[in-house]
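Right, one structure below, let's go through it.
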Amino acid sequence: MSDLPEPEIHAGDDVDPPGGPWKSWKSIYTTLAIWGIACILFLIWITSTLNIDVGETPVDLEAATAASSTLDVAP
Amino acid sequence: MTWIDWGVFGLYLVGVMAFALWQSRKNEGVEGFFLGNRTMPWWAIGLSVMATQASAITLIGTTGQGYTDGMRFVQTYLPLPFAMIVLSVVFVPFFYRAKLFTAYEYLEKRFDPKTRTLTSMLFLIGRAMGTGVIMYAPAIVLSTILGWDEVITISIMAVVTIGYTVTGGITAVIWTDVVQMLMMFAGIALAIVFMISGLPDGVGVADAAYIGGVQQMWNAIDFSWDPQSRYTIWSGLIGGTFLFLSYFGADQSQVQRYLTANSERDSRLSLIFNGFMKVPMQIAILGIGVLMFAFYHFEQPPIVFNDAEVRVVMESDRADEFEALSVSFGEAHAERRATVMQILDARDAGPVPPALEATLAAQDEALFGLRDEAKAIVMDVRGAESSDTNYIFPTYLTTFFPIGLVGLMIATIFAAAMSSIDSELTALSSATVIDFYRRWFVRDASDAHYLTASRLATLFWGIVAWAFAMRAGQGGSLIELVNQVGSLVYGSILGGFLLAFLVKRAHGTPAFIGILCGFGTIVYIARYTDVGWLWWNVIGVVVVMTIGTALSYVMTPPEGGAERAAA
């Protein structure tokens, strides 16, 4: 990487954030990357689960609308 | 809107001004005005970063897009968490440790003054007109919904935002962004809660999700490699990565934010915060659109949501034809509603007969078709395409939301717009004063002088954006051109920064030529090809990096610049 003159480092600069499981920047970045992957997996799950394949059979809309109004629905 | 709604809205406008002025009372000098004396906490910066990106069009346009097109736009945001990691590791240390006012200052330290000036100028060109669009686009929607003259809506937005930005600088901007982002979170949650509670008795979230699923609205991920497909996971991950690296790493409106942090650690944390929050927020916003789609299976939607467009058509010679379409639309909706109720009864008893599902899907398509016919009449009468997508959510709010909450939601839409406008104004002002005025024209004036110049520059850009917004309605193609101009510059600017960070041999003139070539390439692609806009950043970066690197090895570094170019 190219270098620039380093100004004085203030207290807190480049210090790992405190607390809990996030004891290093590496752990934060890993958590965020896992979060990003989890979001993608969640959306894949939504896409594959919530969409309903109604098939490609062409539907005569008028006939189907008339028929559906008298469709026998199982109790 | 009732007087209660107006009261809530008025309270917001007064409150945000007062809050901003109170927060900015300790700011002194240019560093205070542009960087908040580098004392801002990470969580406030993180919320401001989110608010800056989420304009009113995010709230009203993305919900409308969810209604018409499902969830697939979310793919554009998928790389954001990973981009935040790259920014925290690579960009933040360079920017923060150099104690900069603007992102482009870094390029003078690394390369030379002309490269800094070029990139800052590209930023000003891209952002200046874009700010006018951010002001105009939601204002025109709100004007139609509220029945206001668009001049009044634009002016309220402009006057309040310019007022607290000129007076309070970045501190006022960030703290009002915090309030405005919290309002957006609340608004999104309220919209979801009330939409679900507005469903008929016995109809729940699962039923609404099911209705959306019949029409494939939960199309969040598309693995297609078809280049004609507008949003896929591949264009999202690849194109989106470069888009977010350039937007958060090379656009002054975002870089300025994390330069206000009180430590490098807080600067990084603000971006990490954004990385965690953004994707879920976009899922929620698009989900509102899909919920609206399901909701409007039970309540009849307008055939065209933009009342202004409907009024124009009803005064034309195609009024009878449009009226006939509206009647057909109403009848089709009634039939579809009956089918939906049958399906929901069937779901309670067991599996839904496929014939019923196919009927519903076909009826949805039929209503989409009638809407397309109506919008074609609008286009024929107006001479411009119907733009009713942005009116879907505001129409729902003003029709179905309870008294008092309508005012809060309208205030939230204003808040979303103002939180983006204020960020753009401070960014434009800082680039103007630091990269041009102080750098080239008045070099050794007092801090008080530059502070006055900063306020005047903010006022200037606010007036420019206001003037552009007032005239934007007169040229639909002008808005399209402006959006394209904004997209043209990002890739080249990002390429310049990546050249600076990653190629030790790179030096001034090759970088300058590379950036110009990158910009020229994108202009050519935008003008003469059908390459999608998500790929422009990628191409711009590749061109800049390739040409800049190659020329850096061919051309001799300037004297004194050898240190910067050496290993």
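Letters A, B, ... are given to chains in the order of the sequence lines, protein chains preceding strands, and every chain is numbered from 1.
For a residue to count as touching a neighbouring chain, one of its non-hydrogen atoms must lie under 4.5 Å from one of that chain's; by this rule B:A338 does not touch chain A. Only the side chain of B:V74 comes within contact range of chain A, judged by heavy atoms closer than 4.5 Å. In this structure, the portion of B:F223 lying under 4.5 Å from any heavy atom of chain A is its side chain and not its backbone. Neither the backbone nor the side chain of B:I343 comes within less than 4.5 Å of any heavy atom of chain A. Only the side chain of B:P280 comes within less than 4.5 Å of a heavy atom in chain A; its backbone stays farther off. Interface residue B:V279: only side-chain heavy atoms are found under 4.5 Å from chain A. For B:L237, the part sitting under 4.5 Å from any heavy atom of chain A is the side chain, from C-beta outward, and nothing else.
Taking B:A208 as the reference, B:L199, B:L291, B:A294 meet the side chain to side chain contact (heavy atoms under 4.5 Å, CB included) condition, with sequence neighbours excluded.
If you take CD1 on B:I85 and OG1 on A:T31, they are separated by 9.0 Å, rounding to the nearest 0.5 Å. Between the CD1 atom in B:I272 and the CD1 atom in A:I28 there is a gap of 6.0 Å [rounded to 0.5 Å]. Taking CG from A:L43 and OH from B:Y77, the interatomic distance works out to 13.5 Å, rounded to the nearest 0.5 Å. Atoms CG and CH2, on A:N51 and B:W218 in that order, are 9.0 Å from each other to the nearest 0.5 Å. Here the CH2 atom belonging to A:W35 is positioned 15.5 Å from the CE atom belonging to B:M84, to the nearest 0.5 angstrom. Rounding to the nearest 0.5 angstrom, the gap separating the CG atom in A:L32 from the CG atom in B:L80 is 8.5 Å.
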Task: Verdict with supporting geometry, A:F42 and B:I283, side chain to side chain contact (heavy atoms under 4.5 Å, CB included) - done: CA-CA 10 Å; A:F42 172 70; B:I283 292 173; 4.2 Å; yes
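A donor-acceptor pair under 3.5 Å links the side-chain atoms of B:Q216 to the main chain of A:I52, judged by distance alone. Under a 3.5 Å cut-off, the side chain of A:T47 and the backbone N or O of B:I221 do form a donor-acceptor pair.
Note on B:V89, B:V92, B:L360, B:D222: by heavy-atom pairs under 4.5 Å with chain A, the leading option is B:V89.
Minimum interatomic distance between A:Y29 and B:S88 (heavy atoms only, all atoms of both residues): OH-CB, 3.4 Å.
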